[in-house]
Amino acid sequence: MRRAAPEASGIIRLVSVMLRVLQSIYSSFTVSFLQQTAVRSQRTMGSLNHENRSIHSDNVEEVHNIPMDVIIRPIPSVLDEQKVQSLMDTIKETSDIRIVPPIDVLWITGEKGGNYFYSFGGCHRFAAYQRLQMRSIPAKIVKSNISDLRTYLGASTPNLQ
């Protein structure tokens with residue numbers, strides 16, 4: 001029985017060394033994979049902030065002026081007041097939508113043909129236009145459906161008519 005202990009100890013040391021080697025390989029692989037993914041993402045998406053792009057409406061070119069009072073914003077906004085004020089100043093100074101990009105609005109048709117316009121992003125832009133008492137806001141309309149809306153609202157999704 002005493003001889004088994006040194007053999008077990010040797011096996012434990014061997015397994016320990018193998019685990020360190022595997023951890024090192026895994027760590028190197030993970031870092032390499034993450035670096036490659038980051039580079040690929042930068043190439044394919046660019047910088048959303050600098051190029052005024054949106055993952056929802058990147059393929060939508062047309063911009064519409066949507067009446068503010070038809071847009072449904074079901075999730076309360078947490079606002080940076082300085083950002084809202086800066087946007088208000090910019091909106092007052094220019095009407096160039098490349099400076100203040102349009103918001104994305106999901107257009108959903110209800111079961112009986114009603115039209116519903118939901119917006120989830122662009123809360124600072126929406127607040128800026130609202131505080132300036134603008135009647136409409138530049139928006140890209142993204143045709144959507146109730147299933148997509150359920151992704152955002154879960155069980156709180158209303159029965160749209």
Side-chain angles (χ1 to χ4, degrees), residues 22-161:
L22 288 173
Q23 286 174 336
S24 175
I25 291 170
Y26 176 77
S27 180
S28 296
F29 172 78
T30 303
V31 169
S32 175
F33 174 77
L34 291 174
Q35 288 171 337
Q36 289 173 5
T37 302
V39 168
R40 211 173 351 203
S41 294
Q42 287 173 349
R43 268 190 255 133
T44 58
M45 284 186 58
S47 168
L48 295 180
N49 291 335
H50 291 81
E51 296 179 20
N52 294 333
R53 294 174 59 182
S54 164
I55 60 172
H56 297 289
S57 66
D58 195 30
N59 61 342
V60 176
E61 295 294 326
E62 198 169 347
V63 176
H64 302 272
N65 284 314
I66 305 294
M68 297 283 288
D69 59 352
V70 302
I71 298 174
I72 302 164
R73 295 189 59 84
I75 300 175
S77 301
V78 177
L79 299 172
D80 176 341
E81 292 301 324
Q82 289 179 326
K83 189 171 182 178
V84 174
Q85 186 59 54
S86 175
L87 284 164
M88 289 171 61
D89 295 341
T90 303
I91 292 165
K92 285 188 245 179
E93 293 169 7
T94 183
S95 61
D96 185 350
I97 64 166
R98 292 175 297 184
I99 305 299
V100 178
I103 65 170
D104 291 345
V105 173
L106 301 182
W107 173 23
I108 299 168
T109 303
E111 292 175 7
K112 295 183 179 175
N115 292 308
Y116 300 88
F117 301 93
Y118 279 83
S119 180
F120 295 93
C123 59
H124 292 93
R125 287 169 283 170
F126 188 86
Y129 278 88
Q130 199 171 42
R131 291 179 189 180
L132 289 170
Q133 299 179 350
M134 307 285 283
R135 291 184 170 197
S136 64
I137 185 169
K140 288 187 173 185
I141 297 176
V142 179
K143 185 66 176 141
S144 196
N145 56 50
I146 293 175
S147 177
D148 291 340
L149 185 61
R150 195 169 287 113
T151 300
Y152 288 100
L153 300 178
S156 299
T157 304
N159 182 16
L160 302 178
Q161 301 296 312

Heavy atoms of Leu153 and Pro74 approach each other most closely as CD2-CG, 3.7 Å
Would you check if Ile108 and Ile146 make a side-chain contact, meaning some heavy-atom pair closer than 4.5 Å? yes
Measuring only between side-chain heavy atoms, which start at C-beta, is Ile71 closer than 4.5 Å to Ile103? yes
Interatomic spacing from CE in Met68 to CZ in Arg135 - rounded to 0.5 Å: 12.5 Å
Please answer whether the main-chain N or O of Ser86 pairs with a side-chain N or O of Thr90 as donor and acceptor at a distance below 3.5 Å. yes
Which atom pair, heavy atoms only, marks the closest approach of Glu111 to Asn159? OE2-OD1, 3.3 Å
Any sub-3.5 Å donor-acceptor pair from Arg73's side-chain atoms to Gly121's backbone N or O? yes
Check the pair Tyr118 / Asp148 against side chain to side chain contact (heavy atoms under 4.5 Å, CB included), numbers first and verdict last. CA-CA 11 Å; Tyr118 279 83; Asp148 291 340; over 6 Å; no
For Thr109 against Asn115, the heavy-atom pair lying closest together: OG1-OD1, 3.9 Å
Does atom CD of Gln161 have more than 12 heavy-atom neighbours from other groups under 6.0 Å away? yes
Got a donor-acceptor contact below 3.5 angstrom from the Arg125 side chain to the Pro101 backbone? yes
All ring-ring contact (aromatic ring centres under 6.0 Å, His included) counterparts of Tyr116, not counting sequence neighbours: none
Closest non-hydrogen atoms of Thr157 and Arg150, given as atom of the first, atom of the second and distance, are OG1-CA, 3.2 Å
Please give me the minimum heavy-atom distance between Phe120 and Leu106, naming the atom from each residue. CE1-CD1, 3.9 Å
Hey, is CD on Gln82 packed in by over 12 heavy atoms from elsewhere, all under 6.0 Å? no
Quick one, Pro67 and Phe117 - any side-chain contact, counting heavy atoms below 4.5 Å? no
So, for Ser136 and Tyr129, which heavy atoms are closest and what is the spacing to 0.1 Å? O-CD2, 3.6 Å
Counting only heavy atoms from other residues, nucleotides and ligands, does the tally under 6.0 Å from NZ of Lys143 exceed 12? yes
Check: Val105 and Ile137 side chains under 4.5 Å, non-hydrogen atoms: no
Could you give the distance from CZ (Phe126) to CG (Leu87), rounded to the nearest 0.5 Å? 13.5 Å
Suppose we screen for side chain to side chain donor-acceptor pair (under 3.5 Å). Which residues come up paired with Gln85, at least two apart in sequence or across chains? Asp89
Using modelled atom types only, decide if a donor and an acceptor are shared between the side chain of Ser119 and the backbone of Asp104 within a distance under 3.5 Å. yes
Rounded to the nearest 0.5 Å, what separates atom CD in Glu93 from atom CE in Met88? 12.0 Å
Side chain to side chain donor-acceptor pair (under 3.5 Å) partners of Asp69, counting only residues at least two apart: none
